[in-house]
Amino acid sequence: PRDRPGGLPVSEQRMRLVLLGPPGAGKGTQGQYLTERLGIPKISTGDMLRDAAEDGTELGREAKSFTDQGRLVPDELILALVRKRLEEPDAAEGYLLDGFPRTVVQAEALESWLEAQGIRLDAVVDLVVEDDVIVDRISKRRICPVCHETYHLVNRPPVKPDVCDVCGKPLVLRDDDRAELVRERLRIYHERTEPVTSFYRQRGLLISIPGDHPVKEVTVAIIHAIEQQIG
């Protein structure tokens, strides 16, 4: 464990965290709870890519051509997007990265950016969930296309069926949440993203948490593990 200035509890610290795990592991939900608890912004590459696609930018159109096929967006596109976001004022003192890095190349780039600033990550949380559980979970997931609020037809249904609780817009099943594309995304994840966990394990930053328990139990387990990690 590493010393923190003033020995502040987790809820009062500004930390730089990475949240890993396969698609459908619950990163979005856990990221929301964690950022509220820790007072840091959640930086989601998925949200940024969808916003770029909806805005019709060149990057958005190019990225959409990959996500529509269940493929990872190339490193150079993701790196450009994330680096620009990390330079914004609200990320100066901490953040939680959701969906990044997804490859060792991206992890190495992030490490280089941080080293150039004389800082480092505090912890990398890896949510572990079996593939069959994920396929079933994602097939029941619904997303608000406007505010990006996430629901689950069994575990977290909206108050009014098929309508977002936050903004009242109709919920949708994303194209890349169809079962056949989910399995392809999982194949790619195991092939390209799982090596990232080894990268961070070697650096003593990795925390593995079972992600198939009730949401609040997972959140408590993550917070406890981070406290143990940073000392």
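Please read all numbers here as calculations on a predicted model, not as lab measurements.
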d(L96 CG, Q32 CD) to nearest 0.5 Å is 11.5 Å

Under 4.5 Å between side-chain heavy atoms, counting indirect links through other Ile/Leu/Val/Met/Phe/Trp/Tyr residues: same cluster for I230 and V220 or not?
no

Does the salt bridge (Lys or Arg N to Asp or Glu O under 4.0 Å) test come out yes or no for E184 and R187, once each step is laid out? CA-CA 5 Å; E184 175 62 11; R187 184 192 67 78; 2.8 Å; yes

Rounded to the nearest 0.5 angstrom, the CD1-CG distance for I138 and L181 is 10.5 Å

(message) Is it the case that the side chain of Q117 and the backbone of W113 share a donor-acceptor pair, with hydrogens and angles ignored and the cut-off at 3.5 Å?
(response) yes

Between Y95 and L49, is there shared hydrophobic-cluster membership here, with clusters defined by ILVMFWY side-chain heavy atoms closer than 4.5 Å? yes

**Asked** Side-chain heavy atoms under 4.5 angstrom apart, residues restricted to Ile, Leu, Val, Met, Phe, Trp, Tyr: same cluster for Y33 and V129?
**Response** no

Check: Can you list the steps and then say if T103 with I78 is a side-chain contact (heavy atoms from CB on, under 4.5 Å)?
Finding: CA-CA 10 Å; T103 67; I78 292 293; over 6 Å; no

- request: I would like to know whether I43 and M48 meet side-chain contact (heavy atoms from CB on, under 4.5 Å); could you show each step before the answer?
  value: CA-CA 8 Å; I43 298 176; M48 287 190 289; 3.8 Å; yes

### Query
Just wondering, more than 12 heavy atoms not from E130 lying within 6.0 Å of its CD?
no

Test the R185-Y189 pair against the cation-pi criterion, namely NZ or CZ under 6.0 angstrom from the six-membered ring centroid and within 45° of the ring axis.
no

Query raised in the report: Does atom CD of E54 have more than 12 heavy-atom neighbours, drawn from other residues, nucleotides or ligands, at distances under 6.0 Å?
Result: yes

Which side-chain N or O atoms in residues 150-166 pair as donor and acceptor under 3.5 Å with protein atoms at least two apart or in another chain?
from : atom 1 : to   : atom 2 : distance (Å)
Y151 : OH     : D165 : N      : 2.7
H152 : ND1    : V154 : N      : 3.0
H152 : ND1    : N155 : N      : 2.9
H152 : NE2    : R137 : O      : 3.3
R156 : NH1    : T150 : O      : 2.3
R156 : NH2    : E149 : OE2    : 2.9
D165 : OD1    : V159 : N      : 2.9

Could you tell me whether the side chain of T193 and the main chain of R102 form a donor-acceptor pair under 3.5 Å? yes

- Query: Is there a donor-acceptor contact under 3.5 Å linking the side chains of T197 and D126?
  - Reply: no

Nearest heavy-atom contact between I207 and A123 is CD1-CB, 3.9 Å

| said: Atom NE2 of residue position H190 - does it have more than 12 heavy atoms of other residues, nucleotides or ligands inside 6.0 Å? | reply: yes

Group every Ile, Leu, Val, Met, Phe, Trp and Tyr by side-chain heavy-atom contacts under 4.5 Å, then state whether L205 and L97 land in the same group. yes

Kindly say whether V215 contributes a backbone atom to a donor-acceptor pair with the side chain of Q30 at under 3.5 angstrom? yes

Ignoring hydrogens and geometry, is there a side-chain-to-backbone donor-acceptor pair from K27 to G99 under 3.5 Å?
no

Check this for me, if you would: do E88 and R85 make a salt bridge, where the nitrogen-to-carboxylate-oxygen distance has to be below 4.0 angstrom? yes

Fill in: Candidate pair I226 and L17, rule side-chain contact (heavy atoms from CB on, under 4.5 Å), full reasoning
CA-CA 10 Å; I226 291 174; L17 305 172; 4.0 Å; yes

Output for pair (Q106 CD, L79 CG), nearest 0.5 Å, gives 5.5 Å

Separation between CG (L173) and CZ (R141), nearest 0.5 Å, reads 9.0 Å

Please assess D98 against D47 for the test side-chain contact (heavy atoms from CB on, under 4.5 Å), listing each intermediate value before the final yes or no. CA-CA 9 Å; D98 171 11; D47 288 347; over 6 Å; no

Main-chain N/O of G204 paired to Q229 side chain as donor or acceptor, under 3.5 Å: yes

Here the pair of heavy atoms bringing P145 nearest to P170 is CD-O, 3.3 Å

The salt bridge (charged side-chain N to carboxylate O under 4.0 Å, His left out) partners of K169 (sequence neighbours excluded) come to none

Closest non-hydrogen atoms of R183 and D132, given as atom of the first, atom of the second and distance, are NH1-OD1, 4.0 Å

- Task: State whether the number of non-hydrogen atoms from other residues, nucleotides or ligands found under 6.0 Å of E58 atom CD is greater than 12.
- Result: no

*asked:* Is there a continuous path of hydrophobic side-chain contacts, each under 4.5 Å between heavy atoms, that joins I119 to F100?
replied: yes

